[in-house]
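This report concerns only the one structure given below.
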Amino acid sequence: MKSRVGSLFKLCIVFPVSCNSSPLPKSSLPSCLSFVHTTYSTVCLTQEESIVEDTFDQPKTSAEVLEKWGCCEADISQLFKRRPALRKADLNQLQYKLNLLSELGITAPDLLKIINCRPRLLSLRIDRCFDERHEFFMKIFGSRELLVKAIVRNPSLLIYDFHNKVKPTIALYEGMGLSREELVPMLLSRPTLIPRTVFNDEKVEYIQKTGLSNKSRMYKYVVTLIGISRLETISERISNFEKFGFSEDEIFSLMGRSPLVFFLSVDKVQRNMTFVLGQMKLPATVILAHPFLLYMNLEAALKP
């Protein structure tokens, strides 16, 4: 009996058995043998091949993960040069974070700029409040292109404390009268806007002294520059202008018309004011009408 079963098993292997045809009478084949043979040939083998293919396709290194995501060899070399620890990154975590960046619209060239600016970004928890953060920033920037531009300029937008820093800071500026449309160019031009913004009564008083309304074109510049500056720095700038005979009203009027002049370095203002008074023989008040004189390299510009 044992030899007969063995012979039948060999025949099943040599001659494939189907439900409709068989080289032997149905009665001579135990149903269990037919079932075992069919299952192995049509299911198990296919599953094994699929598992082998999936395993073969899985990236084995960080470089392969990055390449599969869209980075070329030169990109990967630059990334590893800037952040060597990426070579030994956890592959699952790396893939997960790259997928998050893809959801934002970030591509390989963007990733190069981001890692150049914040080398440790892919080692940090960029998944915290990710969906909520993404939705919030999309409402502010209005388009994926502007959001990507902002993140490339300041990748820390992905890791700032969302509930205790990002949202309260945006709310502060909105409370000061800035619309979300006005905040966009400020966030793009001032990457430190969110971490450095602090307002108090003294800063609000400085803004009011400029005489600007929140409808003024220069208002957003004055508010954001004062918002990110330390009180000591503002006081130092005011004192510097007072040394050249400007009154408080003149100083804040100048700030309202040309905010960036007020935040030039003390040395730059002193150097140009000395040149205007000493070499050009002009009164200090000429700056009130022509603030661009404080920006220029006057010695080079006025060389014969």
Side-chain angles (χ1 to χ4, degrees), residues 65-83 86 93-163 165-197 214-225 227-228 259-260:
V65 171
L66 290 164
E67 182 180 9
K68 191 173 181 180
W69 185 71
C71 294
C72 66
E73 187 175 341
D75 295 336
I76 296 170
S77 176
Q78 287 295 316
L79 290 170
F80 287 165
K81 183 177 180 181
R82 185 65 176 136
R83 179 63 173 166
L86 275 177
Q93 280 296 309
L94 179 58
Q95 184 66 66
Y96 171 59
K97 291 174 182 179
L98 290 173
N99 290 342
L100 292 180
L101 295 180
S102 293
E103 288 184 37
L104 298 172
I106 291 170
T107 60
D110 301 321
L111 182 63
L112 279 178
K113 297 174 185 175
I114 288 171
I115 297 302
N116 188 56
C117 180
R118 295 286 187 280
R120 296 183 62 249
L121 187 76
L122 290 175
S123 301
L124 303 175
R125 292 289 306 277
I126 65 174
D127 58 331
R128 287 178 178 170
C129 305
F130 181 83
D131 292 333
E132 192 176 359
R133 189 188 305 262
H134 186 191
E135 182 181 357
F136 182 78
F137 280 136
M138 279 299 295
K139 287 180 180 178
I140 292 177
F141 291 101
S143 72
R144 175 177 284 195
E145 290 74 22
L146 278 177
L147 175 56
V148 169
K149 186 177 180 180
I151 292 172
V152 169
R153 288 185 61 85
N154 181 19
S156 293
L157 288 173
L158 296 175
I159 56 175
Y160 289 142
D161 188 322
F162 181 65
H163 291 289
K165 196 63 182 175
V166 176
K167 292 181 72 174
T169 300
I170 298 300
L172 271 176
Y173 282 110
E174 290 179 333
M176 296 294 295
L178 270 65
S179 66
R180 293 198 170 186
E181 290 75 17
E182 290 174 317
L183 274 171
V184 170
M186 298 298 97
L187 286 165
L188 291 173
S189 62
R190 300 281 172 185
T192 58
L193 192 70
I194 289 176
R196 290 179 54 185
T197 291
N214 60 5
K215 304 297 182 184
S216 170
R217 185 172 63 89
M218 304 307 294
Y219 182 75
K220 60 180 176 288
Y221 298 102
V222 171
V223 171
T224 52
L225 283 169
I228 65 175
L260 294 178

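What you are looking at is a predicted structure, and each value in this text was computed from that prediction instead of being measured.
- How far CE of M186 is from CD1 of I194: 13.5 Å, rounded to the nearest 0.5 Å.
- No donor-acceptor pair under 3.5 Å is formed between the side chain of R118 and the backbone N or O of N154.
- Between the side chain of R82 and the main chain of P119, no donor-acceptor pair closer than 3.5 Å is present.
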Requested in this report: Show your working on side-chain contact (heavy atoms from CB on, under 4.5 Å) between T224 and L178 and close with a plain yes or no.
Outcome: CA-CA 10 Å; T224 52; L178 270 65; 4.2 Å; yes
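- S102 and N99 form no side-chain donor-acceptor contact under 3.5 Å, judged by distance and modelled atom types alone.
- Residue L158 holds its CG atom at 11.0 Å from CG of D127, rounded to the nearest 0.5 Å.
- E182 places a side-chain N or O within 3.5 Å of a backbone atom of S179 that can act as its donor or acceptor partner.
- Rounded to the nearest 0.5 Å, atoms NZ (K68) and CD (Q95) are 7.0 Å apart.
- Interatomic distance, T169 OG1 to I228 CD1, rounded to the nearest 0.5 Å: 12.0 Å.
- With rounding to the nearest 0.5 Å, the separation of CD1 in I159 from CZ in R120 is 8.0 Å.
- L94 has its side chain out of reach of W69: every pair of non-hydrogen atoms, C-beta onward, lies at least 4.5 Å apart.
- The backbone N or O of L124 lies less than 3.5 Å from a partner atom in the side chain of K97, making a donor-acceptor pair.
- Counted within 6.0 Å of NZ on K165, heavy atoms from surrounding residues, nucleotides or ligands total more than 12; the atom is thus considered enclosed.
- For the ring pair (Phe, Tyr, Trp, His ring centres under 6.0 Å) with F136, the lone residue among F141, F130, F162, Y160 that qualifies is F162.
- Listed for the R180 side chain is no donor-acceptor partner under 3.5 Å among the backbone atoms of I170.
- Rounded to the nearest 0.5 Å, atoms CG (L104) and CD1 (I126) are 7.5 Å apart.
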